[in-house]
Structure formats: structure tokens, C-alpha cells
Colleague: 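A single structure is presented below for examination.
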Amino acid sequence: MPIVTIDTENGLTRRRFLATTLGLGATVALGAIGLPGRAEAAFNAQQMAALRKINAYFNSIRTMQGRFIQFGPSGEQSEGVFFLARPGKIRFNYSPPVKMDVVADGNQVAIRDNKMMTQDLYPLKKTPLRYLLADQMDLTSSNIVRKLIEEPDLISLVLEQGSSFGGGSLKLIFDTRTYELRQWVVTDSQGLDTSVAVYDVEIGKPADPKNFKINYYLPNKSLR
């Protein structure tokens with residue numbers, strides 16, 4: 001299947017790209033990872049057992065790297081490599097002709113335009129990436145996981161983000177047999193989905209600190 005790339009030279013397209021790539025258009029205003037004030041989901045014993053296994057595996061991951069393919073809400077596709085180090089750090093290097101990188105250094109998330117040599121900066125705590133990069137997260141809690149969807153080969157956990165996330169949701173998709181993270185889907189307040197699937201993943205390989213450096217001297221062209 002051919003890769004349909006994103007025209008990041010077009011201002012409106014670039015704005016949409018920034019808003020949907022990793023849910024960076026959503027605003028998070030939570031102190032701790034959890035969603036107090038919502039009715040709790042009810043999980044049966046079998047589901048709780050699966051959640052405990054997923055939780056143990058997910059929280060055991062300290063470093064991860066591999067390849068990714070991203071599907072946007074209009075069918076656009078892009079791909080590249082990623083590097084993750086918990087807590088708080090991740091890097092997405094997009095393959096040409098997309099000229100962007102996404103880097104989280106534990107405090108900020110930078111979306112860097114490698115053609116214009118500018119970047120957009122967002123606090124990590126105000127993006128759904130905080131869930132992926134948390135040091136420890138209790139995925140057995142119904143205050144966090146609002147829905148569990150079981151399929152023959154996959155199990156999905158839906159984290160409804162509510163008004164503090166702009167009315168969207170984040171879905172984490174795991175392999176039923178190994179409990180490895182396979183994909184995540186960000187749904188914005190308009191119901192548009194952006195998904196990121198990962199493959200050729202290596203767990204536990206030493207992370208290079210240079211991958212998570214943000215050049216704060218670059219001009220910040222935040223679209224907020």
C-alpha cells in the first residue's frame with residue numbers, strides 16, 4: 001500500500017496535523033492520572049484478571065523502540081521510527097517526505113519542523129502522551145479505564161478523557177496473548193480518529209539520551 005503523506009507546507013493541514021498526531025490539540029487539566037467525578041466502569045473477574053496482567057506488563061516497560069505507522073482521520077498515512085524511555089520521554093522520527101519530528105523530554109513535547117527549523121511546544125502533562133509515558137499507571141482502576149473491549153487477538157482499554165480533554169478519548173490496544181502494546185487511537189471532540197500502530201518493537205534496549213533532547217533555541221511557533 002502506498003504511503004499518502006501529509007502536506008505540512010499547507011498551514012491548515014499543518015494545524016490539523018499538530019492537533020491530531022498525538023492528541024496535542026486537547027487540553028489536560030488533571031493533577032493525578034485519573035478522572036474523579038465520573039461513574040466508575042464495572043469489570044467482571046475475567047476482565048480484572050486481564051487488566052492486572054496488562055497493568056503488570058505495561059508498567060514493567062522502561063525502554064522501547066521500533067517502527068510506527070500513523071493513520072490520520074482523512075486516511076492520510078505516515079511512518080517512521082520511535083524511541084521511548086519512561087518516565088516522560090519519547091521520540092518519533094518521521095520518514096521523508098514528512099519533515100517533522102516529535103520529541104518529549106519529560107517536561108515538554110516539541111513538534112519540530114525540520115524544513116523551517118521551527119517548533120511547537122506543549123507541556124507533556126497537557127497531552128495524552130502522559131498516559132503512555134507515566135512512570136507507573138494503574139490500568140486496573142475504573143477511574144482511569146472507562147471501557148474494556150475484548151476481541152479474539154486484541155484487548156482495548158478506552159480512557160475517556162471528558163471535558164478536560166476536550167471531550168475526546170484515548171484507546172490503548174494490547175495483544176491478548178502477550179499483553180504487548182500494539183496501537184493507540186486518539187479520538188478528538190469531533191469524533192475524528194488518529195491511530196498509531198507500532199511494530200518491530202524491541203523492549204529493554206538501552207536508550208540514547210540524545211534522542212530526547214529538545215533544542216529550546218529554535219523559534220517556538222505554537223499554534224495555541
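The figures that follow rest on heavy atoms only: side chains count, while hydrogens, waters and symmetry mates do not. Note that the structure is predicted; figures quoted are calculated from it, not measured.
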Colleague: Between the side chains of Thr176 and Asp153, does any donor sit under 3.5 Å from an acceptor?
Modeller: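 Note: Thr176 and Asp153 side chains miss the donor-acceptor criterion.
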
Colleague: Using 0.5 Å steps for rounding, measure from the CZ atom of Arg112 to the NZ atom of Lys99.
Modeller: 14.0 Å

Colleague: Would you check if Gln119 and Val103 make a side-chain contact, meaning some heavy-atom pair closer than 4.5 Å?
Modeller: no

Colleague: Between Arg67 and Tyr199 (side chain of the first, backbone of the second, donor and acceptor by atom type, cut-off under 3.5 Å), is there such a pair?
Modeller: no

Colleague: Evaluate the side-chain proximity of Ile111 to Met100: yes if any heavy-atom separation is below 4.5 Å, no if none is.
Modeller: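 Side chain of Met100 against side chain of Ile111, heavy atoms only: contact under 4.5 Å found.
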
Colleague: Quick check: closest heavy atoms across Gln183 and Ser195, and the distance to 0.1 Å?
Modeller: NE2-CB, 3.3 Å

Colleague: May I have the step-by-step check of side chain to side chain contact (heavy atoms under 4.5 Å, CB included) for Leu124 and Asp105, ending in yes or no?
Modeller: CA-CA 8 Å; Leu124 174 60; Asp105 65 358; over 6 Å; no

Colleague: Keeping the roles fixed (side chain from Ser74, backbone from Glu76), state whether a donor-acceptor pair exists under 3.5 Å.
Modeller: no

Colleague: Taking the side chain as every heavy atom from C-beta outward, state whether Phe92 and Gln70 have any atom pair closer than 4.5 Å.
Modeller: no

Colleague: With respect to Phe82, which candidate in Asn211, Val196, Val201 satisfies the side-chain contact (heavy atoms from CB on, under 4.5 Å) definition?
Modeller: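 Passing option: Val201.
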
Colleague: To the nearest 0.5 Å, what is the distance between CD (Gln47) and CG (Leu157)?
Modeller: 10.0 Å

Colleague: Taking all heavy atoms of Ala104 and all of Leu133, pick out the closest pair and write down the distance.
Modeller: CB-CD1, 4.1 Å

Colleague: For Phe43 and Thr140, run side chain to side chain contact (heavy atoms under 4.5 Å, CB included): C-alpha distance rounded to whole Å, both residues' side-chain angles, the deciding distance at 0.1 Å, then the answer.
Modeller: CA-CA 9 Å; Phe43 302 120; Thr140 68; over 6 Å; no

Colleague: For the residue pair Thr194 and Pro73, what are the closest heavy atoms and their distance?
Modeller: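 Result for this residue pair: OG1-CD, 3.3 Å.
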
Colleague: For the residue pair Ala85 and Ala207, what are the closest heavy atoms and their distance?
Modeller: CB-CB, 4.0 Å

Colleague: Working to the nearest 0.5 angstrom, can you tell me the gap between Ile155 CD1 and Ile173 CD1?
Modeller: 11.5 Å

Colleague: Would Phe71 and Val185 count as a side chain to side chain contact (heavy atoms under 4.5 Å, CB included) if you check the C-alpha gap in whole Å, the side-chain angles of each, and the deciding distance to 0.1 Å?
Modeller: CA-CA 9 Å; Phe71 301 89; Val185 182; over 6 Å; no

Colleague: With a 4.5 Å cut-off on side-chain heavy atoms, are Tyr216 and Leu121 touching?
Modeller: yes

Colleague: Starting at CZ of Phe83, measure out to CD1 of Ile90 and round the result to the nearest 0.5 Å.
Modeller: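 Answer for the CZ-CD1 pair, Phe83 versus Ile90, is 11.0 Å.
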
Colleague: Which atom names give the shortest non-hydrogen contact between Tyr122 and Asp120, and what distance separates them?
Modeller: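 Where Tyr122 meets Asp120 most closely, the heavy atoms are CE1-CB, 3.7 Å.
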
Colleague: When rounded to the nearest 0.5 angstrom, what is the spacing between CG in Asn220 and OG1 in Thr118?
Modeller: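 Spacing of CG (Asn220) from OG1 (Thr118) equals 9.0 Å.
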
Colleague: Can you list, pair by pair, the side-chain donor-acceptor contacts under 3.5 Å of residues 53-66, counting residues two or more places apart and other chains?
Modeller:
| residue | atom | partner | partner atom | Å |
| --- | --- | --- | --- | --- |
| Asn55 | OD1 | Asn59 | ND2 | 3.2 |
| Asn55 | OD1 | Leu139 | N | 2.6 |
| Asn59 | OD1 | Met137 | N | 2.9 |
| Asn59 | ND2 | Asn55 | O | 3.1 |
| Asn59 | ND2 | Met137 | O | 2.8 |
| Ser60 | OG | Tyr57 | O | 2.6 |
| Arg62 | NH1 | Asp135 | OD1 | 2.6 |
| Arg62 | NH2 | Asn59 | O | 3.2 |
| Arg62 | NH2 | Asp135 | O | 2.8 |
| Thr63 | OG1 | Gly204 | N | 3.3 |
| Thr63 | OG1 | Lys205 | N | 3.3 |
| Thr63 | OG1 | Lys205 | O | 2.9 |

